[in-house]
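Scroll down for the structure; my scribbles are underneath it.
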Amino acid sequence: HEHAFRDFFVTAARKLGHNTLLPTAEEAAQWDRLNMTWLDHGTLAEFGRIAILALAAAHLPADGFSAALRDCFDGGDTAERRAILRALPLLPEPERFLQGAAEASRSHVQPVFEAIACENPYPAAYFPDLNFNQMVLKGLFTGTALIRIIGLKRRITPELIRMARDYASERQAAGPGAGEQHAEDRDHARRTEGVQPLRHPRADEPAVDEAEDEALALLAQVIGHVGV
């Protein structure tokens, strides 16, 4: 059974394709009622894989499913790993997948990082403070919009604010050239994984490092701007 699950999971893209799934208004409303709004983004293949994971979790022995899931993640490509991470909130006893989710939140592959950090309720529900705080700081470093982190408002702590301010101080001490190199590093990561690079500011816009330092230093005030 585990072997059949792996086959279905791996071949989902070939059978379903990569078109973006656009839910009807009725389907979107149903997802909202079920608190599943994070599924608003994705391809047919990704949704198919998420459905396969949910079915397999319901029918395979718990240990067998966990092992098969880990094998699929370790041997999977970026799209397969994204589907697994987005499926975690739907699986039974999701806290048992905490280690893998925490590892993904440290990934240098931006789409993998965003799959767990963005539009996903799993980190806010299950991450310990240390893992959640590190994920938020990585999101700031990679230019990820904080509003995409579900549950951020209730997870902001004095320690997270301190970490963000320490990071802002380090960036300020690094000098004005650090912002340019920082942006280049982020753009390179996005180009490598087929993600749209950050738009460079016009001459009349604040420098990347200045805008980011201000956002980091004022993280405490983010609470008032995050609609979660």
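These numbers were taken from a predicted model, which means no experiment stands behind them. Just so it is clear, the values below take in all heavy atoms, side chains as well, and ignore hydrogens, waters and symmetry mates.
In this structure, S66 OG and R96 CZ are separated by 4.0 Å, a value rounded to the nearest 0.5 Å. Between the CG atom of L85 and the CZ atom of R82 there is a distance of 9.0 Å, given to the nearest 0.5 Å. Rounded to the nearest 0.5 angstrom, I149 CD1 and I156 CD1 are separated by 9.0 Å. In this structure, the separation between CG on N19 and OG1 on T43 is 8.5 Å, given to the nearest 0.5 Å. Note that CZ of R165 is 10.5 Å distant from CG of L160, once rounded to the nearest 0.5 Å. A distance of 6.5 Å separates CG in L69 from CG in L91, rounded to the nearest 0.5 Å.
One finds a salt bridge joining R70 and E103 here, because a Lys/Arg side-chain nitrogen approaches an Asp/Glu carboxylate oxygen to under 4.0 Å. No salt bridge links E46 with R49; every basic N to acidic carboxylate O contact stays at or beyond 4.0 Å.
The side-chain heavy atoms of F47 and L16, taken from C-beta on, include no pair separated by under 4.5 Å. Side chains of F5 and L53 form a contact here, defined as non-hydrogen atoms less than 4.5 Å apart. Two residues are said to be in side-chain contact when any heavy atoms from C-beta on lie closer than 4.5 Å; K138 and H108 meet this criterion. Side chains of M135 and F113 form a contact here, defined as non-hydrogen atoms less than 4.5 Å apart. Looking at heavy atoms from C-beta onward, L152 lies in side-chain contact with F132 at the 4.5 angstrom threshold. Looking at heavy atoms from C-beta onward, V112 lies in side-chain contact with T78 at the 4.5 angstrom threshold. Counting heavy atoms from C-beta on, the side chains of L88 and I116 come closer than 4.5 Å.
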Test E114 against T142 for side chain to side chain donor-acceptor pair (under 3.5 Å), laying out the working first. CA-CA 10 Å; E114 290 183 0; T142 58; over 6 Å; no
F65 vs H59, test: side-chain contact (heavy atoms from CB on, under 4.5 Å). Steps then yes/no. CA-CA 9 Å; F65 174 74; H59 291 89; over 6 Å; no
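T144 places no side-chain N or O within 3.5 Å of a backbone atom of L140 that could act as its donor or acceptor partner. A distance-only check finds no donor-acceptor pair linking the side chain of Q134 to the backbone of N131 [under 3.5 Å]. Judged by distance alone, with hydrogens and angles left aside, the side-chain atoms of R86 form no donor-acceptor pair with the main-chain N or O of A115 at under 3.5 Å. Y122 places a side-chain N or O within 3.5 Å of a backbone atom of P94 that can act as its donor or acceptor partner. For the pair R6 (side chain) and C72 (backbone), a donor-acceptor distance under 3.5 Å is absent.
Scanning for side-chain contact (heavy atoms from CB on, under 4.5 Å) contacts around E95 gives E93, Y126, with sequence neighbours left out. For R81, there are no side chain to side chain donor-acceptor pair (under 3.5 Å) partners two or more places apart in sequence or in a different chain.
Nearest approach of A83 to I50, heavy atoms of both residues: O-CG1, 3.7 Å. Summarising the geometry of R154 relative to A124, their closest heavy-atom pair is NH2-CB, 3.7 Å, with the distance given to 0.1 Å. The heavy-atom pair separating L137 from A164 by the smallest distance is CD1-CA, 4.0 Å.
By the neighbour-count criterion of 12 heavy atoms within 6.0 Å, atom CG of D63 is sparsely surrounded, having that number or fewer from other residues, nucleotides or ligands.
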